[in-house]
Engineer: 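What follows is a single structure, and I will ask about it in a moment.
Quick caveat, the model's predicted, so the values are computed rather than measured.
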Amino acid sequence: MNQHIDDLAPADMVAEDRVAGRLYTDPAIFEREMTAVFENTWVWVAHESELATPGSFKSTHVGRQPVIVTRDRKNTLHTMLNRCRHRGASVCEKPQGRANGFTCPYHAWSYGLDGTLRGIPYPDGYEGVVEKRDLSLRKLRTESYGGMVFATFNDDAEPLADHLGDARLWIDRFLKQGGGYPIKVLGKHQFRFKGNWKIQLENTTDGYHFPIVHRSWMASVDAETADMMSFMNDPEATTHDLGHGHSVMRMVPEHADLDVDDGTEPLQGRFDHLARELSASFSDTEVRRLLRAMHGTGFNLNLFPNVAMSSAFLRVLRPIAVDETLIEHVAIGPDGPAEVEPVNRERLRIHEHFQGPFGFGTPDDAEGWDRVQRGARAEPAMPILINRGLAREERSAEGWPTSHVTDETGMRAAYNQWKRMMRDD
């Protein structure tokens with residue numbers, strides 16, 4: 001791969017064990033990704049709890065294109081380009097809220113929650129020129145699974161359920177951390193790093209870096225938590241390639257399915273105060289179920305190309321430029337009665353301790369991502385290696401390519417999908 005790399009098509013810059021460094025630094029490759037990948041597959045845009053009631057909306061992006069996700073009065077979800085059909089102005093600048101529709105601030109063209117063009121001021125100038133039914137906001141296909149809402153520009157894309165494939169099993173397991181309740185978004189924060197989006201995509205399936213980059217976090221937590229996350233030499237901790245670019249990294253195998261509980265695992269002493277608070281409203285079984293899920297599900301599920309269901313939170317990436325990426329960390333918790341809110345309070349504190357902007361994990365990760373981008377500019381023909389564990393990769397009983405949690409099976413899964421999507425027809 002490192003010979004005559006400039007003569008290769010982008011898809012050919014991905015081999016089984018390495019990828020070209022130019023995949024991080026070449027603006028032309030980035031531009032092609034925005035259409036071949038982000039405008040051609042299912043991209044995560046929202047969690048249904050963010051659109052809980054009719055009239056709810058959320059502004060976000062599919063790749064670099066601004067969109068609005070809505071729930072209309074008939075409870076149907078829509079994703080639409082945030083662009084007036086008249087002169088191109090954005091029709092919504094709020095990140096989230098409720099509305100009866102959207103009105104362009106420039107010439108007051110107004111649209112319904114489903115994108116239908118409802119009104120044009122001073123319409124006499126458009127008689128015989130414009131048919132309102134032809135000028136709705138452009139819609140994207142929108143489907144959801146387990147409360148996770150996805151959209152695509154590609155009208156011919158396979159159904160979302162088929163795109164998710166075997167990842168659906170792991171989505172179902174991730175949702176069990178509600179402790180018997182659905183999950184909801186508790187809060188979120190954003191930050192940018194000066195690096196390519198694929199660097200972050202790799203990170204969520206990279207167990208190899210954890211004890212090295214996150215030493216300070218490991219030193220800051222109680223011994224039980226540190227022991228739970230000491231998976232480097234655990235032969236049961238594995239990574240699976242689930243197909244379609246998706247992968248799952250099982251760091252704490254005993255928490256991969258929170259419904260599997262024989263009752264013998266002791267609960268962490270750090271939550272004794274919370275157990276006492278919850279016991280006033282919940283049975284011992286319910287309290288145990290909620291507390292076992294405090295750290296999430298024990299795995300990171302990467303859904304290609306832009307969202308990870310990572311232990312106890314969602315990590316969403318948005319490409320800005322070839323060397324800049326926006327990351328959104330989304331805290332989640334059970335959507336239950338008021339009595340369950342102490343759980344969400346504690347989950348937010350745990351989230352802040354690692355993922356928060358002043359936590360231990362996010363700054364350490366972001367420094368690593370920045371340095372990968374800076375280093376990749378040196379000798380562009382030198383490849384990026386993704387070969388760890390290749391020689392010991394096997395097929396699981398389900399048929400998934402599988403290796404140790406520290407291996408790079410998940411990265412190879414993502415790049416194989418990237419290669420398929422980037423190949424010229």
Engineer: Just so I know, are the side chains of Asn387 and Glu408 near enough to count as touching, which here means a heavy-atom distance under 4.5 Å?
Structural biologist: yes

Engineer: Parallel, tilted or perpendicular: which fits the ring planes of Tyr415 and Trp418, with parallel below 30° and perpendicular above 60°?
Structural biologist: perpendicular

Engineer: Can you tell me if Lys419 uses its side chain to pair, donor with acceptor, with the backbone of Val14 under 3.5 Å?
Structural biologist: yes

Engineer: side-chain hydrogen bond (donor to acceptor under 3.5 Å, both in side chains), that's the test. Do His255 and Glu265 meet it? Break it down for me.
Structural biologist: CA-CA 11 Å; His255 282 191; Glu265 177 190 357; 2.9 Å; yes

Engineer: Measuring from Trp170:CH2 to Leu164:CG, what's the distance to the nearest 0.5 Å?
Structural biologist: 15.0 Å

Engineer: Can you establish whether the number of heavy atoms outside Arg371 located under 6.0 Å from its atom CZ is more than 12?
Structural biologist: no

Engineer: Considering non-hydrogen atoms only, spot the tightest contact between Cys84 and Trp109 and give its length.
Structural biologist: SG-CB, 4.0 Å

Engineer: One pair to check against side chain to side chain contact (heavy atoms under 4.5 Å, CB included): Ile384 and Leu23. What are the steps and the verdict?
Structural biologist: CA-CA 9 Å; Ile384 303 293; Leu23 268 60; over 6 Å; no

Engineer: Taking all heavy atoms of Gln177 and all of Gly296, pick out the closest pair and write down the distance.
Structural biologist: OE1-CA, 3.6 Å

Engineer: Do His163 and His246 touch side chain to side chain, with heavy atoms closer than 4.5 Å?
Structural biologist: yes

Engineer: Testing Leu140, Leu160, Asp162, Val62 one by one against Trp42 for a side-chain contact (heavy atoms from CB on, under 4.5 Å), which residue passes?
Structural biologist: Leu160

Engineer: Can you find a heavy atom in the side chain of Leu303 that is under 4.5 Å from one in the side chain of Phe150?
Structural biologist: yes

Engineer: Would you give the length of the straight line joining atom CG of Asp365 to atom CG of Asn203, rounded to the nearest 0.5 angstrom?
Structural biologist: 4.5 Å

Engineer: Atom NE2 of His78 and atom NZ of Lys139: how far apart are they, to the nearest 0.5 Å?
Structural biologist: 4.5 Å

Engineer: side-chain contact (heavy atoms from CB on, under 4.5 Å) with Leu301: which of Met249, Arg173, Met309?
Structural biologist: Met309

Engineer: Are the side chains of Gln65 and Phe153 in touch, meaning some heavy atoms are under 4.5 Å apart?
Structural biologist: yes

Engineer: State, to 0.1 Å, how close Ser311 and Met251 come at their nearest heavy-atom pair, and which atoms those are.
Structural biologist: OG-CE, 3.4 Å

Engineer: I want to know whether Phe38 and His61 have ring centres closer than 6.0 Å.
Structural biologist: no

Engineer: Please determine whether side chain to side chain contact (heavy atoms under 4.5 Å, CB included) holds for the pair Leu258 and Arg289, giving the CA-CA distance in whole Å, both sets of side-chain angles, and the decisive distance to 0.1 Å.
Structural biologist: CA-CA 8 Å; Leu258 292 169; Arg289 190 174 185 185; over 6 Å; no

Engineer: Taking Phe313 as the fixed residue, which of His353, His295, His351 is the one that meets the ring pair (Phe, Tyr, Trp, His ring centres under 6.0 Å) rule?
Structural biologist: His351

Engineer: Might you point out which heavy atoms bring Ser247 and Thr205 nearest each other, and give the distance in Å?
Structural biologist: OG-OG1, 3.5 Å

Engineer: Using modelled atom types and a 3.5 Å cut-off, is there a donor and acceptor pairing between side-chain atoms of Asn82 and backbone atoms of Cys92?
Structural biologist: yes

Engineer: Is there a side-chain contact between Asp241 and Glu393 (heavy atoms, below 4.5 Å)?
Structural biologist: no

Engineer: Is there a side-chain hydrogen bond (donor to acceptor under 3.5 Å, both in side chains) between Gln373 and Asp370? Walk through the geometry before answering.
Structural biologist: CA-CA 5 Å; Gln373 186 71 25; Asp370 285 346; over 6 Å; no

Engineer: Without swapping roles, check the side chain of Ser49 against the backbone of Val185 for a donor-acceptor pair under 3.5 Å.
Structural biologist: yes

Engineer: Give the C-alpha distance, both sets of side-chain angles, the deciding distance and a yes or no for salt bridge (Lys or Arg N to Asp or Glu O under 4.0 Å) between Glu346 and Arg349.
Structural biologist: CA-CA 5 Å; Glu346 193 76 22; Arg349 300 295 83 79; over 6 Å; no

Engineer: With a 4.5 Å cut-off on side-chain heavy atoms, are Glu398 and Leu242 touching?
Structural biologist: no

Engineer: For the residue pair Asn154 and Thr41, establish whether any side-chain heavy-atom pair is separated by less than 4.5 Å.
Structural biologist: no

Engineer: Evaluate the side-chain proximity of Leu135 to Tyr111: yes if any heavy-atom separation is below 4.5 Å, no if none is.
Structural biologist: no

Engineer: Checking Leu137 against Leu81 for the side chain to side chain contact (heavy atoms under 4.5 Å, CB included) test, could you report, in this order, the C-alpha distance in whole Å, the side-chain angles of both residues, the deciding distance, and whether it holds?
Structural biologist: CA-CA 6 Å; Leu137 297 179; Leu81 275 185; 5.9 Å; no

Engineer: Please check: side-chain N/O of Arg85 versus main-chain N/O of Lys132, any donor-acceptor pairing under 3.5 Å?
Structural biologist: no

Engineer: What's the separation between atom CZ in Arg412 and atom CG in Asp17, rounded to the nearest 0.5 Å?
Structural biologist: 8.5 Å

Engineer: Restricting to salt bridge (charged side-chain N to carboxylate O under 4.0 Å, His left out), what partner residues turn up for Glu39, sequence neighbours left out?
Structural biologist: none

Engineer: If you compare all heavy atoms of Pro305 against all heavy atoms of Val43, which two are closest, and at what distance to 0.1 Å?
Structural biologist: CG-CG2, 4.3 Å

Engineer: Run the salt bridge (Lys or Arg N to Asp or Glu O under 4.0 Å) test on Asp155 and Arg141 for me, step by step, so that the C-alpha distance in whole Å, both residues' side-chain angles and the decisive distance to 0.1 Å come before the verdict.
Structural biologist: CA-CA 7 Å; Asp155 290 337; Arg141 281 180 61 192; 5.6 Å; no

Engineer: Side chain of Thr409, backbone of His240: donor and acceptor closer than 3.5 Å?
Structural biologist: no

Engineer: Can you tell me how far apart OG1 (Thr238) and CD (Glu394) are? Round to the nearest 0.5 Å.
Structural biologist: 11.0 Å

Engineer: Is Arg64 paired with Glu33 through a side-chain N to carboxylate O contact shorter than 4.0 Å?
Structural biologist: no

Engineer: Any donor-acceptor pair under 3.5 Å linking the side chain of Arg318 with the backbone of Leu326?
Structural biologist: no

Engineer: Would you find a donor on one side and an acceptor on the other, under 3.5 Å apart, between the side chain of Thr35 and the backbone of Arg32?
Structural biologist: yes

Engineer: A quick test of your reading: do over 12 heavy atoms of other residues, nucleotides or ligands sit less than 6.0 Å from OH of Tyr106?
Structural biologist: no

Engineer: For Val322, does its backbone N or O pair with a side-chain atom of Asn196 as donor and acceptor, under 3.5 Å?
Structural biologist: yes

Engineer: Donor-acceptor check, side chain of Ser403 to backbone of Arg392, threshold 3.5 angstrom: yes or no?
Structural biologist: no

Engineer: With salt bridge (Lys or Arg N to Asp or Glu O under 4.0 Å) as the criterion, how do Asp323 and Arg377 come out once you've worked through the C-alpha distance, each side chain's angles and the decisive distance to 0.1 Å?
Structural biologist: CA-CA 10 Å; Asp323 57 358; Arg377 296 190 184 102; 3.7 Å; yes

Engineer: Please indicate whether Arg168 has more than 12 foreign heavy atoms, meaning atoms of other residues, nucleotides or ligands, lying under 6.0 Å from its CZ.
Structural biologist: yes

Engineer: Check for a donor-acceptor pair, side chain of Thr70 on one end and backbone N or O of Asp72 on the other, with a separation under 3.5 Å.
Structural biologist: no

Engineer: Using every non-hydrogen atom in the two residues, find where Asp234 and Pro253 come nearest and quote the distance to one decimal.
Structural biologist: OD2-CD, 3.8 Å

Engineer: Please walk me through it: do Gln96 and Lys188 pass side chain to side chain contact (heavy atoms under 4.5 Å, CB included)?
Structural biologist: CA-CA 12 Å; Gln96 198 164 350; Lys188 49 195 171 184; 3.3 Å; yes

Engineer: With rounding to the nearest 0.5 Å, note down the distance linking OG1 in Thr76 to CZ in Arg71.
Structural biologist: 8.5 Å

